Amino acid sequence: MCKGLSALPSTCLERAKEMKVKLAHLADKQDRAPRHKEESLLQNFEKLLSSKHGVQAFRSFLRSEFSEENIEFWLACQDYRGTKSPGKLVPKAKRIYSQFVAVQAPQEVNLDSETREAVTVCVSEPTPASFSAAQQRIYTLMEKDSFPRFLKSSYCLEALRSL
């Protein structure tokens with residue numbers, strides 16, 4: 001029959017407490033490791049997209065996976081956001097919408113209906129932020145889905161060799 005913790009010698013209780021502290025510390029370290037890894041991958045993805053050669057290698061990889069429209073859309077949105085002339089926003093917005101966002105567009109990107117509807121409303125009176133939510137969705141998709149596979153691909157190795 002169990003007599004509880006009071007029946008154990010005090011040295012056993014002290015050791016158990018020490019082990020509990022060590023295990024908690026170890027568990028905390030393991031919890032932080034994936035976040036650190038995710039932050040590191042995010043920084044690497046940002047570096048990739050800020051490099052001309054990185055974008056070219058990633059574009060080739062996405063082409064091989066039949067999802068090149070994602071990087072094309074993201075780059076078009078980057079260009080759109082940098083547009084200084086208000087007169088150029090409307091034609092650029094319509095081009096991006098008809099090329100990537102509209103249902104059955106030639107390079108339709110994978111957006112949820114809520115985001116697609118929000119962009120559809122914004123295109124009638126575009127602002128520099130009209131595509132921000134959609135661009136962020138596609139960025140996240142590439143970062144979480146395509147980029148980890150890219151890192152394991154021959155396209156990544158070729159890009160590293162060329163640098």
Side-chain angles (χ1 to χ4, degrees), residues 24-163:
H25 180 68
L26 180 62
D28 186 45
K29 269 187 172 178
Q30 288 176 341
D31 285 344
R32 278 184 281 170
R35 275 181 280 190
H36 177 67
K37 183 179 179 184
E38 286 176 11
E39 289 168 6
S40 176
L41 279 176
L42 172 61
Q43 290 170 350
N44 289 334
F45 188 56
E46 288 171 357
K47 285 181 186 176
L48 176 82
L49 293 179
S50 67
S51 157
K52 181 180 176 182
H53 295 293
V55 168
Q56 287 174 343
F58 193 55
R59 178 185 281 136
S60 297
F61 170 74
L62 290 176
R63 187 177 302 128
S64 76
E65 292 205 329
F66 304 101
S67 59
E68 183 182 15
E69 68 277 0
N70 292 329
I71 191 70
E72 296 296 335
F73 173 72
W74 188 85
L75 290 169
C77 290
Q78 286 295 98
D79 177 62
Y80 176 82
R81 287 173 55 189
T83 303
K84 302 291 184 214
S85 170
K88 291 183 179 180
L89 285 179
V90 173
K92 280 187 177 187
K94 287 182 178 181
R95 185 186 63 77
I96 291 171
Y97 180 81
S98 64
Q99 186 70 28
F100 300 104
V101 181
V103 177
Q104 301 296 316
Q107 291 183 288
E108 184 179 356
V109 291
N110 187 9
L111 294 172
D112 58 276
S113 61
E114 186 178 306
T115 305
R116 189 177 309 277
E117 287 172 23
V119 170
T120 302
V121 170
C122 289
V123 169
S124 60
E125 293 182 33
T127 68
S130 292
F131 294 98
S132 294
Q135 184 183 22
Q136 185 58 48
R137 297 252 188 225
I138 296 303
Y139 179 93
T140 302
L141 177 70
M142 291 189 301
E143 175 193 15
K144 303 270 186 219
D145 185 49
S146 303
F147 184 60
R149 288 194 311 275
F150 168 76
L151 291 175
K152 297 174 186 173
S153 75
S154 61
Y155 294 92
C156 182
L157 294 174
E158 289 173 25
L160 289 172
R161 284 188 202 125
S162 71
L163 296 176

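Worth saying up front: this structure is predicted, and the values here are computed from it rather than measured. Sequence positions, counted from 1, serve as the residue numbers for this chain.
- Within the 4.5 Å cutoff, the side chain of Ile138 has no heavy atoms near those of the Glu69 side chain.
- Closest non-hydrogen pair, Phe100 versus Ala76, comes out as CE1-CB, 4.1 Å.
- Glu108 places a side-chain N or O within donor-acceptor distance of the main-chain N or O of Gln104, the cut-off being under 3.5 Å.
- Aromatic ring pairs are classed by plane angle as parallel below 30°, tilted from 30° to 60° and perpendicular above 60°; the pair Phe58 and Phe150 is perpendicular.
- Gln107 places none of its side-chain heavy atoms less than 4.5 Å from the side chain of Phe73.
- One distance of note links SG of Cys77 with OH of Tyr139; it measures 14.0 Å at 0.5 Å rounding.
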* Verify side-chain contact (heavy atoms from CB on, under 4.5 Å) between Leu62 and Glu72, making sure each step is shown before the conclusion. => CA-CA 10 Å; Leu62 290 176; Glu72 296 296 335; over 6 Å; no
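- Side-chain contact of Ser132 with Gln136: a donor-acceptor pair under 3.5 Å is absent, judged by distance alone.
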* Asked: Should Val109 and Asn70 be marked as a side-chain contact (heavy atoms from CB on, under 4.5 Å) after you check the CA-CA gap, both sets of side-chain angles, and the distance that decides it?
  -> CA-CA 6 Å; Val109 291; Asn70 292 329; 3.9 Å; yes
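- Under 3.5 Å, the side chains of Gln78 and Arg81 contain a donor-acceptor pair of N or O atoms.
- Residues satisfying the side-chain contact (heavy atoms from CB on, under 4.5 Å) criterion with Cys122, sequence neighbours excluded, are Ser130.
- At least one donor-acceptor pair closer than 3.5 Å links the side chain of Thr83 to the backbone N or O of Asp79.
- Scored by the side-chain contact (heavy atoms from CB on, under 4.5 Å) test, Asp112 finds Glu114, Thr115, Arg137 as partners (sequence neighbours excluded).
- A heavy-atom distance below 4.5 Å is not found between the side chains of Ser98 and Lys94.
- A pairwise comparison of heavy atoms in Leu89 and Pro128 identifies CD1-CD, 4.0 Å as the closest pair.
- Here Cys156 contributes atom SG and Phe61 contributes atom CZ; the two are 9.5 Å apart, rounded to the nearest 0.5 Å.
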* Leu49/Ile71 under side-chain contact (heavy atoms from CB on, under 4.5 Å): CA gap, chis, key distance, verdict -> CA-CA 9 Å; Leu49 293 179; Ile71 191 70; 3.5 Å; yes
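- Side chain of Arg59 to main chain of Glu68: no donor-acceptor pair is present (N/O by atom type, distance under 3.5 Å, no hydrogens or angles).
- Residues Arg149 and Lys152 fail the side-chain proximity criterion, which asks for heavy atoms closer than 4.5 Å.
- Judged purely by atom type and a 3.5 angstrom limit, Ser51 has no side-chain atom pairing as donor or acceptor with the backbone of Lys47.
- Evaluation of the side-chain contact (heavy atoms from CB on, under 4.5 Å) rule for Ser85 yields Lys88 as partners, not counting sequence neighbours.
- Within the 4.5 Å cutoff, the side chain of Phe147 has heavy atoms near those of the Asn44 side chain.
- Proximity of Pro126 to Tyr80: side-chain heavy atoms (C-beta onward) are separated by under 4.5 Å at one or more points.
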